[in-house]
Amino acid sequence: MSRGDVLLSVEHLSKTYRGQGGRPAHKALDDVSLELRASETLGIVGESGSGKSTLARVLVRLTGADSGRADYCGVDLLRARGADALFLTRQIQIVFQDPNSSMNPRRTIRQALLEAARVAEHPPADIQGSLARMMEAVGLSREKLDAYPHQLSGGQRQRVAIARALAVSPRVVVADECVSALDVSVQSSILNLMLERQRELGLAYVFISHDLSVVHHMSDRMIVMRSGRIVEAGNPSEIMRNPQDPYTRELIASVPGSGFRAA
Ligand SMILES: Nc1ncnc2c1ncn2[C@@H]1O[C@H](COP(=O)(O)OP(=O)(O)OP(=O)(O)O)[C@@H](O)[C@H]1O
Ligand SMILES: [Mg+2]
């Protein structure tokens with residue numbers, strides 16, 4: 001597999017959340033099609049409620065879809081069971097916005113990383129010894145291995161969440177608002193570290209954020225979502241320069257200092 005080969009192919013994906021307690025049903029994904037290629041970053045931007053996390057959750061099989069197709073290297077992602085499901089877990093990892101909700105408060109960082117490393121297809125021979133390298137790769141000292149999540153700062157926890165995803169040796173990382181809760185300087189150091197690991201490991205990212213400037217900075221290609229639909233897709237700089245969809249223009253105009261005015 002070389003850079004540019006299609007890893008993930010999604011076609012006409014739709015997902016409706018059934019209304020509960022008298023609330024109406026809600027179409028969170030509406031005919032979404034996209035491709036993710038090896039070693040690239042596909043950015044996904046859109047306002048709150050546009051379906052970004054729903055898409056992320058479908059890609060890592062935390063949520064099912066109602067219709068459409070999703071294929072990862074020839075494996076049907078929507079129907080995978082058994083060995084295929086394990087293969088997908090090894091290949092596609094996710095990092096969430098809030099590591100507090102995705103980390104077990106009663107387990108040390110060491111335990112969390114060990115568990116992840118054991119999921120890898122080829123766990124490191126010296127698995128304990130490799131933990132220090134995993135920490136180093138995300139800019140943390142090995143002393144933190146025996147800390148519990150609550151003993152770390154938000155930025156440090158997010159670095160651990162990235163280390164845990166990478167410990168599985170995936171080919172794809174879905175990052176769902178992974179730096180949105182952090183202050184700007186911590187954001188940029190974590191984004192830089194993600195770019196470094198990407199270059200080193202040849203990872204592909206699905207990089208999700210409501211922050212257009214961050215998505216623009218990170219992505220090789222970009223998708224703009226609104227109300228569960230893709231309203232625009234293409235080269236990020238091209239889209240920023242010459243947005244075709246009125247909603248994209250609004251998004252760009254809302255970025256401070258963009259100098260862009262929605263018509
Ligand atoms: N489990 C659920 N049950 C019912 N409705 C849901 C569920 N999860 C999400 N939704 C609805 O689906 C829509 C899309 O939600 P989603 O979380 O995918 O949006 P998002 O783009 O990630 O938003 P944000 O930027 O706020 O994270 C929203 O209207 C949301 O209320
Ligand atoms: Mg979300």
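Remember, predicted model here, so these are calculated numbers, not experimental data.
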Point to revise | Set of side chain to side chain contact (heavy atoms under 4.5 Å, CB included) partners for A137, sequence neighbours left out | key: R197
Study note, to complete from the structure: Interatomic distance, CG@L140 vs CG@L152, rounded to 0.5 Å, equals 7.5 Å
Check your understanding: Measuring from I92:CD1 to L8:CG, what's the distance to the nearest 0.5 Å?
Key -> 5.5 Å
Point to revise | Student check: side-chain heavy atoms of I223 and L42 closer than 4.5 Å | key: yes
**Study point:** S9 and Y72: side chain donor to acceptor below 3.5 Å
**Key:** no
Check your understanding: Do we see a donor-acceptor contact under 3.5 Å between the side chains of E121 and S169?
Key -> no
Point to revise | Close side-chain approach of L13 and V58, heavy atoms under 4.5 Å | key: yes
Review point. With side chains defined as the heavy atoms from C-beta onward, is the minimum distance between V224 and I230 less than 4.5 Å?
Key: no
Point to revise | Check against salt bridge (charged side-chain N to carboxylate O under 4.0 Å, His left out), R164 and E115 | key: CA-CA 9 Å; R164 188 180 56 175; E115 190 180 43; over 6 Å; no
Practice item. Indicate whether any N or O donor in one side chain lies under 3.5 Å from an N or O acceptor in the other, for Q111 and R106. Key: no
Exercise for review: Please identify each residue that fulfils salt bridge (charged side-chain N to carboxylate O under 4.0 Å, His left out) with R69, with sequence neighbours left out.
Suggested key: E11, D71
Exercise for review: Decide yes or no for S53 and Q97: does some side-chain heavy atom of the first lie under 4.5 Å from some side-chain heavy atom of the second?
Suggested key: no
**Study point:** Contact check, side chains of Q128 and L114, non-hydrogen atoms, under 4.5 Å
**Key:** yes
Review point. Can you find a side-chain donor-acceptor pair between S254 and R249 that sits under 3.5 Å?
Key: no
**Study point:** Pairwise side-chain contact, T108 with L145, heavy-atom cut-off 4.5 Å (strictly under)
**Key:** no
Exercise for review: Could you pull out the closest heavy-atom pair between P124 and S130, with the gap in Å?
Suggested key: CG-OG, 3.4 Å
Check your understanding: Quick one: are V174 and Q93 in side-chain contact, heavy atoms under 4.5 Å?
Key -> no
Check your understanding: Which atom pair, heavy atoms only, marks the closest approach of A85 to R61?
Key -> O-NH2, 3.0 Å
Point to revise | Donor-acceptor under 3.5 Å (R157 side chain, P149 main chain) | key: yes
Give every donor-acceptor pair under 3.5 Å between a side-chain atom in residues 31-38 and any protein atom, sequence neighbours left out.
{"residue": "D31", "atom": "OD1", "partner": "H12", "partner atom": "ND1", "Å": "2.7"}
{"residue": "S33", "atom": "OG", "partner": "H12", "partner atom": "N", "Å": "2.8"}

Point to revise | Contacts of R142 that satisfy salt bridge (charged side-chain N to carboxylate O under 4.0 Å, His left out) - sequence neighbours left out | key: none
Point to revise | R199 and S39: side chain donor to acceptor below 3.5 Å | key: no
Practice item. Could you grab the distance from atom CG of D220 to atom OG of S237, nearest 0.5 Å is fine? Key: 10.5 Å
Exercise for review: Could you check if a side-chain atom of M225 sits within less than 4.5 angstrom of a side-chain atom of V45, using non-hydrogen atoms only?
Suggested key: no
Review point. Would you say V168 and V172 are hydrophobically clustered, going by side-chain heavy atoms of ILVMFWY under 4.5 Å?
Key: no
Atom pairs and distances, donor-acceptor, side-chain atoms in residues 202-215, under 3.5 Å, two or more places apart:
{"residue": "Y205", "atom": "OH", "partner": "M194", "partner atom": "O", "Å": "2.6"}
{"residue": "S209", "atom": "OG", "partner": "D211", "partner atom": "N", "Å": "2.8"}
{"residue": "H210", "atom": "ND1", "partner": "E177", "partner atom": "OE1", "Å": "3.0"}
{"residue": "H210", "atom": "ND1", "partner": "E177", "partner atom": "OE2", "Å": "3.2"}
{"residue": "D211", "atom": "OD1", "partner": "S213", "partner atom": "N", "Å": "3.1"}
{"residue": "D211", "atom": "OD1", "partner": "S213", "partner atom": "OG", "Å": "2.8"}
{"residue": "D211", "atom": "OD1", "partner": "V214", "partner atom": "N", "Å": "3.3"}

Practice item. Answer yes or no: does atom CD of E200 have more than 12 heavy-atom neighbours from other residues, nucleotides or ligands under 6.0 Å? Key: yes
Practice item. Go through the structure and list residues passing salt bridge (charged side-chain N to carboxylate O under 4.0 Å, His left out) with D176, not counting sequence neighbours. Key: none
